[in-house]
Amino acid sequence: MDRDTSEDSMADLSFEAESPVMPPDELLEGLPSFDWLLQGRGRQVFFPPLEALGRSQEPTCWSSVLGHSRVPVVTEEVAREALLSFVNSQCCYSSAAAGDFIIQELRQQTLCRYRLETFSESRVSEWTFQPVTNHSVDGPQRGTSPRLWDMKVQVPPMFQEDTRKFQVPHSSLVKECHKCHGRGRYKCSGCHGAGMVRCSSCSGTKRKARQPRRCHMCSGSGRRRKNSLFEFVSPHHLHCPGELLTKARGENLFKDENAMVYPIVDFPLKDISLASKRGIEEHSAMLSSRARILQQRQTIELIPITEVHYWYQGKTSVYYIYGTDHQVYVADYPERYCCGCTIL
């Protein structure tokens, strides 16, 4: 029987770490372009060209804007209905208290929420690899590769996540495979050529317990925002959690959207003007070295919040109604019980 000599031509990597998907940086070549930064594993981040603002700032008449804004007043009837609706949506809350309590005082306040959204584009050059077949290679012999920011790319809908990949013309190179060193095959470093290895997920037991857990990328929301976002809610002395107010539905007071926006000036509430200036400066400093700003949008919304003081069974308690859709926050509801459900 003839001896199989294919094993002799196989690269023995059994004592090395798993071969990298990308070769070392020193084996990679930089594309001819301007102002780029090598981040490792072949990633080149290209600095965008500087662009000037395309419009002048126009003053806003805030007295006119505020005069046309109307936030509905929360009455006792509305306050009671909002609490009943909230209680009915909770499995461990009794509706008895919500139906019999006595409202003592309504303290209403309107907060301002400022938001700045910046939609930007960054361009990254990465080497990818594929087997060489008989097809022709679009390399430097066909011309000079264009600079990355000179490539024409259709702008996606504003403020919507989008990733697109294109091959840079005339940038392909034929290299010896860095994984098998030109041999065409290599020995698995995990099983040392045996063909099987113990499963690291179940440790060979064939079973694995599944534990539900919240996604750390989207915090369990199912969506991930990558647009740069700056938010600020005007100061208040109420005991309603701030994270609820950032998500509350409000009435739009002001909206400014353009390729670049200017800081808001002379707003009656000075904190909003300062927040606008700070947000624009932060986004500019954060993005100027790695991305090009395509569009910015800043808004001011009015967020109504009502502190309801009520009396029930000899005790005074408080709950809050916030947002134009009358959401409720209550820290200590007087009649709660456990119906066998598990609170996680």
Side-chain angles (χ1 to χ4, degrees), residues 47-72 109-123 154-163 218-219 221 223-236 238 240-305 322-325 327:
F47 301 155
L50 296 176
E51 297 180 358
L53 294 174
R55 67 185 180 99
S56 58
Q57 184 178 18
E58 299 179 358
T60 302
C61 180
W62 295 115
S63 59
S64 176
V65 172
L66 292 170
H68 288 84
S69 265
R70 293 291 183 270
V71 177
Q109 185 176 351
T110 301
L111 309 178
C112 287
R113 179 177 61 202
Y114 171 81
R115 277 179 177 160
L116 171 67
E117 295 176 90
T118 299
F119 185 56
S120 61
E121 175 190 3
S122 60
R123 297 191 177 187
Q154 184 179 1
V155 179
M158 293 299 173
F159 304 102
Q160 294 185 20
E161 196 73 21
D162 189 42
T163 301
C218 67
S219 299
S221 66
R223 298 181 180 180
R224 185 183 176 194
R225 178 193 292 273
K226 291 185 66 177
N227 289 333
S228 301
L229 175 66
F230 177 91
E231 287 185 322
F232 173 80
V233 177
S234 59
H236 60 90
L238 304 176
C240 187
E243 59 270 18
L244 298 180
L245 300 178
T246 59
K247 301 175 183 178
R249 184 176 300 177
E251 179 186 342
N252 185 61
L253 178 67
F254 171 78
K255 179 180 178 181
D256 178 24
E257 182 173 330
N258 213 295
M260 299 283 281
V261 297
Y262 290 91
I264 294 172
V265 294
D266 298 331
F267 190 75
L269 191 62
K270 186 178 180 180
D271 289 326
I272 295 296
S273 296
L274 294 176
S276 174
K277 182 176 183 295
R278 185 170 70 253
I280 292 174
E281 289 177 349
E282 286 184 8
H283 282 195
S284 177
M286 179 176 59
L287 298 172
S288 61
S289 63
R290 60 179 176 89
R292 177 171 60 185
I293 294 177
L294 300 180
Q295 195 83 348
Q296 288 187 309
R297 178 169 61 200
Q298 60 179 349
T299 59
I300 300 176
E301 295 173 281
L302 299 179
I303 309 297
I305 180 170
Y322 62 94
T324 55
D325 54 349
Q327 296 296 307

Within 45° of the axis and under 6.0 Å from the centre of the six-membered ring of Phe230, does NZ or CZ of Arg115 qualify?
-> no
With the side chain counted from C-beta on, respond yes when Gln109 and Tyr322 share a heavy-atom pair under 4.5 Å apart, and no when they do not.
-> no
Start with the C-alpha gap between Phe232 and Ile300, add the side-chain angles, then the distance that decides, and say whether side-chain contact (heavy atoms from CB on, under 4.5 Å) holds.
-> CA-CA 10 Å; Phe232 173 80; Ile300 300 176; over 6 Å; no
Taking the side chain as every heavy atom from C-beta outward, state whether Met260 and Ile293 have any pair of such atoms under 4.5 Å apart.
-> yes
Are Ser234 and Leu111 close enough that some pair of their side-chain heavy atoms sits under 4.5 Å apart?
-> yes
Nearest-0.5 Å distance, OG1 of residue Thr324 to CD1 of residue Ile303 = 7.0 Å
Show which side-chain atoms of residues 242-252 pair as donor or acceptor with protein atoms under 3.5 Å away, not counting sequence neighbours.
| unit_1 | atom_1 | unit_2 | atom_2 | d |
| --- | --- | --- | --- | --- |
| Thr246 | OG1 | Glu243 | O | 2.8 |
| Glu251 | OE2 | Arg70 | N | 3.4 |

Residue pair Ser120 / Leu294, side-chain heavy-atom distance below 4.5 Å = no
Just by modelled atom types, is the Phe119 backbone N or O under 3.5 Å from a matching donor or acceptor in the Asn227 side chain?
-> no
Applying side chain to side chain contact (heavy atoms under 4.5 Å, CB included), name anything that partners Pro157, two or more places apart in sequence or on another chain.
-> Gln160
May I ask you to decide if Val261's main-chain N or O and Gln296's side chain share a donor-acceptor pair within less than 3.5 Å?
-> yes
Decide side-chain contact (heavy atoms from CB on, under 4.5 Å) for Ser228 and Met286; before the verdict, give the C-alpha distance in whole Å, the side-chain angles of both, and the deciding distance to 0.1 Å.
-> CA-CA 9 Å; Ser228 301; Met286 179 176 59; 3.5 Å; yes
Rounded distance [0.5 Å steps], CD in Gln295 versus CD in Glu121 = 13.0 Å
Donor-acceptor pairs under 3.5 Å, side chain of residues 272-284 to any protein atom, not counting sequence neighbours: which ones?
| unit_1 | atom_1 | unit_2 | atom_2 | d |
| --- | --- | --- | --- | --- |
| Ser273 | OG | Phe267 | N | 3.2 |
| Ser276 | OG | Tyr114 | OH | 3.3 |
| Ser276 | OG | Ile264 | N | 2.9 |
| Ser276 | OG | Gln298 | OE1 | 3.1 |
| Lys277 | NZ | Glu281 | OE2 | 2.7 |
| His283 | ND1 | Thr118 | OG1 | 2.6 |

Any side-chain heavy-atom pair of Leu302 and Cys112 under 4.5 Å | yes
Do Thr60 and Phe254 come close enough that some side-chain heavy atom pair is under 4.5 Å?
-> yes
